[in-house]
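What you see is a predicted model, and the numbers here were worked out from it, not measured in a lab. Order of appearance sets the numbers: ligands from 1, and atoms from 1 within every ligand. Excluded from the calculations below are hydrogen atoms, water molecules and symmetry mates; all remaining heavy atoms, backbone and side chain alike, are included.
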Amino acid sequence: MSTAEQIRRGDFRAAARLMRWVDDGDGRAWPVLADLYAFTGQARVVGVTGSPGVGKSSLIDGLIALWREAGRRVGVVAVDPTSPFTGGAILGDRVRMQRHAGDAGVFIRSLATRGQLGGLSASAGTVAQVLDAMGCDRVVIETVGVGQDEVDVVRHADVTVVVVAPAQGDEVQAHKAGVLEIADVLVVNKSDHPGVERTVAELTLAMDMAPEGARRPAVLRCTATDGTGLREVAAEVERLLRDQEDGGRRDKALRERTEALVLDLAATRFHAGAEAAMRSDPVVVETLQRLHRRETDPFRAAQVLWERVRRGHAGDGSPETA
Ligand SMILES: Nc1nc2c(ncn2[C@@H]2O[C@H](COP(=O)(O)OP(=O)(O)O)[C@@H](O)[C@H]2O)c(=O)[nH]1
Ligand SMILES: [Mg+2]
């Protein structure tokens with residue numbers, strides 16, 4: 001049986017191995033991913049993003065329980081590039097979502113590195129596809145909402161939930177800046193903490209003042225640790241997913257996402273080829289020497305590099321290509 005088939009039949013160990021390959025940028029992942037692609041497109045992907053410690057994992061834990069109640073299979077990809085030590089975030093998340101550990105309808109996977117298949121975003125999107133092919137109908141991508149890479153991750157989501165904690169002082173300003181563009185649902189978690197009313201009021205006001213045509217995410221409060229407000233968050237997510245389906249917007253989004261993935265993958269391959277060429281292609285090496293002697297410039301050098309990689313000379317030192 002092929003690895004892809006094993007994974008489709010729900011072999012967790014084969015799936016975990018594939019995801020590790022994706023995480024490590026190991027080329028053995030490629031043919032398996034290629035075989036799995038035909039079986040993707042069923043899962044709805046929910047991005048959950050926000051600063052470390054706001055309660056994303058706790059919220060996801062609650063959502064998993066509700067989805068399981070509804071008979072859904074759930075996959076989670078946790079991305080935490082701010083924690084290079086696989087221990088921290090991942091063990092933490094495992095513990096947080098521990099009660100689902102023995103449930104065959106839940107698959108939780110953490111990505112530790114940026115991967116080489118196309119950066120963090122492509123790795124997360126790829127792992128989400130694997131979960132999709134495994135038959136998960138809901139896939140959550142948890143990501144720390146800092147930095148462009150992390151924001152890019154939500155491109156793979158149908159619906160993005162931004163989680164914030166009650167703000168102190170000027171924090172609300174900072175929240176507003178980052179969340180208006182990407183949030184479909186805005187969750188003020190830790191509503192058992194002081195400052196929640198003010199935070200909800202200010203965020204609601206900010207959303208109301210959003211320009212015409214901009215997203216107007218619902219602002220919901222929640223206490224992930226005791227489940228207060230959780231059903232409302234889940235209901236809003238499901239409502240948005242249904243809306244997309246009814247409006248035919250889902251297919252369009254899926255097409256855009258798949259094309260973006262192709263771009264990511266192609267760009268990554270170009271980048272790898274270009275790096276190899278800079279070391280080993282005599283024409284490129286010579287061009288770089290001329291560059292350093294100021295006999296050419298970075299713009300022309302980039303053109304030479306592009307042409308050499310495009311024609312497949314990278315790493316090929318044979319005389320006729322030189
Ligand atoms: N008081 C309170 N604590 C919470 C709430 N949600 C999460 N926490 C706690 O906040 C800490 C960080 O939660 P976690 O889910 O790991 O946050 P993440 O880093 O955003 O994934 C943990 O100690 C949680 O128990 C909440 O609604 N109220
Ligand atoms: Mg977390």
Take every heavy atom of Gly53, measure it against each atom of ligand 1, and state whether any distance is under 4.0 Å. yes
Numbered atoms and elements of ligand 1 in range of Thr223, under 4.0 angstrom, heavy atoms: 26 (C), 27 (O), 28 (N)
Taking 4.0 angstrom as the limit and counting only heavy atoms of Glu142, give me the atoms of ligand 1 inside it, by number and element. 21 (O)
Please indicate whether any nitrogen or oxygen in Ser191 is less than 3.5 Å from any nitrogen or oxygen in ligand 1. no
SB check Asp281 Arg308 (cutoff 4.0 Å): yes
May I ask you to say whether Arg28 pairs ionically with Asp26, meaning some side-chain N is under 4.0 Å from a carboxylate O? yes
With the threshold set at 4.0 Å, does a side-chain nitrogen-carboxylate oxygen contact exist between Glu256 and Lys252? yes
Salt-bridged, Glu259 to Arg255, with N to O below 4.0 Å? no
Give the atoms of ligand 1, by number and element, whose distance to some non-hydrogen atom of Thr225 is under 4.0 Å. 2 (C), 3 (N), 4 (C), 5 (C), 6 (N), 7 (C), 8 (N), 25 (O), 26 (C), 27 (O), 28 (N)
Heavy-atom proximity to atom 6 (N) of ligand 1, best of Asn189, Val48, Val196: Asn189
At less than 2.8 Å, would any N/O/S atom of Ser57, backbone or side chain, sit next to the Mg ion (ligand 2)? yes
Are any of the N/O atoms in Ala224 less than 3.5 Å from those in ligand 1? yes
What atom name does the N, O or S atom of Glu142 nearest to the Mg ion (ligand 2) carry? OE2
Between Glu307 and Arg311, is there a salt bridge with N-O shorter than 4.0 Å? yes
Before accepting this row, confirm whether a basic side-chain N of the pair Arg239/Asp243 lies closer than 4.0 Å to the acidic partner's carboxylate O. yes
Backbone or side-chain N or O of His193 under 3.5 Å from ligand 1 N or O: yes
So, regarding Pro52 and ligand 1 (criterion: nitrogen or oxygen to nitrogen or oxygen, under 3.5 Å), is there a contact or not? no
At under 4.0 Å between heavy atoms, what of Val54 touches ligand 1? The answer is both
So that I can tick it off, tell me whether Arg44 and Glu245 are bridged by a salt bridge, with the cut-off set at under 4.0 angstrom between side-chain N and carboxylate O. yes
Taking Arg231 first and then Glu236, would you say they form a salt bridge - that is, a charged N and a carboxylate O separated by under 4.0 Å? no
